[in-house]
2 protein chains.
Amino acid sequence: MSTKESSRDKLIKTASRLFQLQGYHGTGLNHILKESGAPKGSLYYHFPNGKEQLAVESVQLTAEFVRNQIQRGMDKKTDAIEAIQEFIKGMAEQFHTDDSQQGVPIATVALETALTNEPIREACQNGYESFQQVFTEKLLQSGYEERRARELGIVINSIIEGAFMLSFTMGSNEPLLLAAKNIPALLK
Amino acid sequence: MSTKESSRDKLIKTASRLFQLQGYHGTGLNHILKESGAPKGSLYYHFPNGKEQLAVESVQLTAEFVRNQIQRGMDKKTDAIEAIQEFIKGMAEQFHTDDSQQGVPIATVALETALTNEPIREACQNGYESFQQVFTEKLLQSGYEERRARELGIVINSIIEGAFMLSFTMGSNEPLLLAAKNIPALLK
DNA sequence: GTCTATAGCTCGATAGAC
DNA sequence: GTCTATCGAGCTATAGAC
């Protein structure tokens, strides 16, 4: 069970990175195979449903990774406002220091496929809901009322995704920095 | 000048729609040619730089259209907060009544190409800056200080883009509605 | 579990007649 | 300005040996 997952894992990890960088349609299976070093014959053995299955599991892996990052961010401060603000600031700082460019998680694939591929769209939706859940729980712990906490979880998700996308497109972390700056007003 | 632009215009309009729906890599030139009804031979006559040029001009056309929509929204109310709030509500209402699904403008192409195609990325950036400019001007007219108005223009852009993308992915207009609801807190 | 080979298709782009 | 024909490459997916 441990060694036999090796090729499979390499494929998923490489696919996650490339899908995030170049999108679903912009990334070919041959490219993924070549970069992962996995043998071509094993792709359809591990992923009988081909590219679609690979994308669904890649999105799930990416979502899990991001969710953990958010969770760690929330654990750093007891106050929800501070925690969220610091988390976004961290994203902004990491934005250009990270020399390995990495695209916007989930969103790139989501926008391409939401109208044409239901399993992939669903995986993206589940990912986003898991992010929102972490924010909402943090707000609940800080005393926000349940309905309000759920709503704000969605709004925070929106502003982070939008600011990330803008920062990515503009090549500047300013949108992320301004999002962080204006979080307190939003959560008042 | 009027009839000779016909094929060109059809190509750009069709390309704008398809790129928005399926992304840059997910949309083939043959598909665009077929849907537009334009003759294949004329594509490289009107767009010597091929697909890239078609994408750049498509993004510009989409950006101009969206910018005008925003501008019309801002003109509907004198108060900036009300105007922006109503504009987002309008997006939310239009979200599912519009039977012709249409994707998220600019963002889909931007995320796919920002790291790999500079001319297209630049066109997307210019589009986003033109949106922000409209919000900023509205805030200036409502008495916000210049620096603050510019910052809030970016933040509003972020939250709208993020909420739109989430609504699109989730298949629900809730993120847009919640964005609208929380705009006043942000602009206080 | 892995490998090669290849089918069958679509892609973007070009050439050259008209 | 338009059209056909076609190139070379890449794509997803499958077949079948090992």
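Order of the sequence lines fixes the chain letters, A, B, ..., with proteins taken first and strands second; residue numbering starts at 1 for each chain.
Look at CD on B:Gln53: it is 15 Å from P on C:dG12, rounded to the nearest Å. The NZ atom of B:Lys10 sits 13 Å away from the P atom of D:dG1 (whole-angstrom rounding). Straight-line distance from the CD atom of B:Gln22 to the P atom of C:dC11: 10 Å, rounded to whole Å. Counting to the nearest Å, the P atom of C:dT2 and the CZ atom of A:Arg8 are 12 Å from each other. Per the geometry, OH belonging to B:Tyr45 stands 8 Å off P belonging to D:dT2, to the nearest Å. The nearest whole Å value for the distance from the CG atom in B:Leu54 to the P atom in C:dA13 is 10 Å.
Residues that satisfy the side-chain contact (heavy atoms from CB on, under 4.5 Å) test with A:Lys40, not counting sequence neighbours, are A:Asn30, A:Leu33. Take B:Arg121 and apply the side-chain hydrogen bond (donor to acceptor under 3.5 Å, both in side chains) test, not counting sequence neighbours, and it matches B:Glu118, B:Gln125.
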Please report, to 0.1 Å, the donor-acceptor pairs under 3.5 Å made by any side chain of residues 166-176 of chain B, with sequence neighbours excluded.
unit_1: B:Ser167; atom_1: OG; unit_2: B:Ala163; atom_2: O; d: 3.2
unit_1: B:Ser167; atom_1: OG; unit_2: B:Ser172; atom_2: O; d: 3.0
unit_1: B:Ser167; atom_1: OG; unit_2: B:Leu176; atom_2: N; d: 3.3
unit_1: B:Thr169; atom_1: OG1; unit_2: B:Met165; atom_2: O; d: 2.9
unit_1: B:Ser172; atom_1: OG; unit_2: B:Glu174; atom_2: N; d: 3.0
unit_1: B:Asn173; atom_1: ND2; unit_2: B:Ala92; atom_2: O; d: 3.2
unit_1: B:Glu174; atom_1: OE1; unit_2: A:Arg150; atom_2: NH2; d: 3.3
unit_1: B:Glu174; atom_1: OE2; unit_2: A:Arg150; atom_2: NH2; d: 2.3

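In this structure, A:Lys51 forms a cation-pi arrangement with A:Tyr24, its terminal cationic atom sitting closer than 6.0 Å to the ring centre and no more than 45° off the ring axis.
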Checklist entry - How does each nucleotide of nucleotides 10-17 of chain D score, in 5' to 3' order, for protein heavy atoms under 4.0 Å: base (B), sugar-phosphate only (S), or none (-)? => result -SBBB---
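For D:dT2, the OP1/OP2 oxygens have a side-chain nitrogen or oxygen of B:Ser7 closer than 4.0 Å.
The list of side chain to side chain donor-acceptor pair (under 3.5 Å) pairs with a residue in residues 176-188 of chain B, not counting sequence neighbours, reads A:Arg148-B:Asn182, A:Glu151-B:Lys181. Within the structure, side chain to side chain donor-acceptor pair (under 3.5 Å) pairs that include any residue of residues 136-145 of chain B comprise B:Gln133-B:Glu137 (at least two apart or interchain).
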